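Down below is the structure, laid out as structure tokens.
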Amino acid sequence: MSFSVPTAAYVHIPFCRRRCFYCDFPVFVVGDRSRGETSHTISQYVEAVCQEINSAPTFNQPLKTIFFGGGTPSLLSTEQLQQILTTLEKRFGIVSSVEISMEMDPGTFDLAHITGYKNAGVNRVSLGVQTFAAELLKIAGRSHSVEDIFAAIDLIHQVEIPEFSIDLISGLPHQSLDQWENSLTKAVEISPTHISIYDLTIEPGTAFGRYYQPGDQPLPTDETTVKMYQLGQKILTDARYEHYEISNYAKSGHQCQHNLVYWQNLSYYGFGMGAASYVQGKRFTRPRKTKEYYQWLENGAIIDCEITPIEEELLETLMLGLRLASGLNLKTLTQKFGTEKVAEIKQCLYPYLGKGWVQIMGEKLRLTDPDGFLFSNVVLADLFEKMGE
């Protein structure tokens, strides 16, 4: 079996000023970045990530995309960010046209920091806005204010970061359609090159998981969350944002190149606590807790897992590829998984063609927008059940 060579790297920065009430990511709450213990904790972690990078396999292909996610990567100092980027460059090489994305939270950086990030190579910022309603920011446990959002956007414009994305969340407790429309309208007025919309998922172990049960008030009803999705699709596409993935919209030519690697089921490196990687057919997630992550590194950072079976790879390819508006190429699927499997896929999806949720046009298989995207979980659950038999 042949595997794609990884040219993308995800680096997890787990530090946050507080844990948001919906968050189940591996994060570590720290104080102000100027405090000595916080600075030491982050520096120790950066050293560990660089150690892991230096132990990773190389395939003589430079990186084309790098994504700093979290957590709150904007709690890194410029020097710490540069240290990681220098280590990546020495280990793998980096193309001159690289996309370097950094998740940033309002209120966690000033002009000096964002200038330093840009000078280090960051050319794409993903700003964690989530909502423009002050009361919803408090309900969600966010550490920033609406004023912080606009101050952060002003700093991004000042240093002229070329690619700028805003993240929004729908389906928050007590969130109304009017509040959602207001957030969408404000996002369009700001005119970033990219907007991501995530429907709230209540995860066990989170504060929201303790407070609420899915489907219960004060969470919006299923009917309201469907209307939120449809409203987002209409407002953003009317504003000439391309709905290129279930949760993502971009101005023409401004899609997130790093995330496309995931959705196309290509190989990628992952570094840091809880980070996932997909290299040489092996999917591996690092330990989610600090102590275990450091112990794993001390034991040699061994990727101890089997190559993904072909049946599982097919299901992953379907699940990820159908998130894209461009869908899947049937010819490519046939070459990789065989004529018989593709015939099974078509047969399974046949009922959804009549519903208008699925389209097969030439060699393209895709979900429709917005109905196919809205009911993607139904389609995929059926597909997984029948293809997994």
Side-chain angles (χ1 to χ4, degrees), residues 16-25 27 29 69-75 103-109 125-156 164-192 194-236 238-239 241 243 246-249 370 374:
C16 284
R17 293 194 305 188
R18 66 185 293 184
R19 180 184 279 277
C20 300
F21 296 158
Y22 51 81
C23 175
D24 75 333
F25 294 137
V27 300
V29 176
T72 311
S74 46
L75 290 177
E103 291 182 348
M104 302 174 73
D105 276 359
T108 61
F109 60 94
V125 166
S126 179
L127 191 68
V129 169
Q130 315 314 353
T131 176
F132 286 93
E135 59 271 36
L136 292 179
L137 288 174
K138 290 179 182 175
I139 286 171
R142 298 293 289 171
S143 62
H144 67 263
S145 65
V146 175
E147 291 74 23
D148 288 334
I149 294 170
F150 287 103
I153 291 165
D154 183 55
L155 291 174
I156 291 167
F164 164 38
S165 181
I166 281 178
D167 287 357
L168 297 174
I169 297 181
S170 63
L172 288 166
H174 302 283
Q175 189 176 32
S176 68
L177 270 172
D178 284 344
Q179 287 172 321
W180 178 235
E181 183 173 4
N182 181 60
S183 282
L184 291 165
T185 302
K186 279 190 165 58
V188 168
E189 288 170 356
I190 291 161
S191 193
H194 191 284
I195 298 174
S196 297
I197 291 176
Y198 302 106
D199 185 44
L200 177 69
T201 302
I202 302 295
E203 301 286 359
T206 64
F208 275 179
R210 294 190 294 275
Y211 302 158
Y212 310 118
Q213 291 297 314
D216 291 351
Q217 291 184 334
L219 297 169
T221 63
D222 288 345
E223 182 184 3
T224 300
T225 56
V226 166
K227 287 179 179 176
M228 286 178 171
Y229 189 87
Q230 291 169 330
L231 188 62
Q233 190 265 359
K234 176 165 176 34
I235 288 176
L236 296 184
D238 282 353
Y241 283 88
H243 192 187
I246 285 182
S247 302
N248 288 276
Y249 299 77
L374 266 171

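This one's a predicted model, so the numbers in the text were calculated from it and none came from an experiment.
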Legend entry - Beyond-backbone contact of Pro192 with Tyr241, side-chain heavy atoms, under 4.5 angstrom: yes
Legend entry - Side-chain heavy atoms of Ile190 within contact of Phe150, under 4.5 Å: yes
Legend entry - Within-4.5 Å side-chain heavy-atom neighbours: Gln130 and Tyr22: yes
Identify every side-chain donor-acceptor pair in residues 131-140 under 3.5 Å, counting partners at least two apart or on other chains, and give the distances.
from   : atom 1 : to     : atom 2 : distance (Å)
Thr131 : OG1    : Ala133 : N      : 3.0
Glu135 : OE2    : Gln179 : NE2    : 2.9

Inset, instruction - Say whether, by atom type as modelled, one donor and one acceptor occur between the side chain of Glu103 and the main chain of Gly70 under 3.5 angstrom. - result: yes
Legend entry - Any Tyr198 side-chain heavy atom under 4.5 Å of Leu168 side chain: no
Inset, instruction - Enter the distance from Ile195:CD1 to Leu127:CG here, rounded to the nearest 0.5 Å. - result: 12.0 Å
Inset, instruction - Identify the two heavy atoms, one from Leu200 and one from Leu172, that lie closest to each other, and give their separation to 0.1 Å. - result: CD2-CA, 4.0 Å
Inset, instruction - Please name the pair of heavy atoms, one in Ile169 and one in Trp180, separated by the smallest distance, quoted to 0.1 Å. - result: O-CZ3, 3.5 Å
Legend entry - Minimum heavy-atom distance Pro220-Met228, with the two atoms named: CG-CE, 4.2 Å
Legend entry - Donor-acceptor pair between Thr206 and Asp24 side chains, under 3.5 angstrom: no
Inset, instruction - Could you tell me whether the side chain of Ser196 reaches within less than 4.5 Å of the side chain of His194, counting heavy atoms only? - result: yes
Inset, instruction - Answer yes or no: is there a side-chain heavy-atom contact under 4.5 Å between Val226 and Asp222? - result: no
Legend entry - Residues, nucleotides or ligands: over 12 heavy atoms within 6.0 Å of Tyr212 OH: yes
Inset, instruction - Look up atom CG in Asp167 and atom OG in Ser126, then write down how far apart they are to the nearest 0.5 Å. - result: 4.0 Å
Legend entry - Straight-line distance of Tyr229 OH to Ser247 OG, nearest 0.5 Å: 6.0 Å
Legend entry - Presence of salt bridge, Asp105 and Arg17, under 4.0 angstrom: no
Inset, instruction - For residues His144 and Thr108, determine if any side-chain heavy atom of one lies less than 4.5 Å from a side-chain heavy atom of the other. - result: no
Inset, instruction - Output yes when a side-chain donor or acceptor of Arg19 lies under 3.5 Å from a complementary backbone atom of Phe25, and no otherwise. - result: yes
Inset, instruction - Measure the spacing between CG of Asn248 and OG of Ser165 and express it to the nearest 0.5 Å. - result: 7.0 Å
Inset, instruction - May I have the step-by-step check of side-chain hydrogen bond (donor to acceptor under 3.5 Å, both in side chains) for Asp148 and Ser145, ending in yes or no? - result: CA-CA 5 Å; Asp148 288 334; Ser145 65; 3.2 Å; yes
Legend entry - Donor-acceptor contact below 3.5 Å, side chain Thr185 vs main chain Glu181: yes
Inset, instruction - Working to the nearest 0.5 Å, report the span between CD1 of Ile156 and CD1 of Ile166. - result: 8.0 Å
Legend entry - From Phe208 atom CZ to Ile202 atom CD1, the distance as rounded to the nearest 0.5 Å: 6.5 Å
Inset, instruction - List the atom of Gly71, the atom of Cys16, and the distance in Å for their closest heavy-atom pair. - result: CA-SG, 3.5 Å
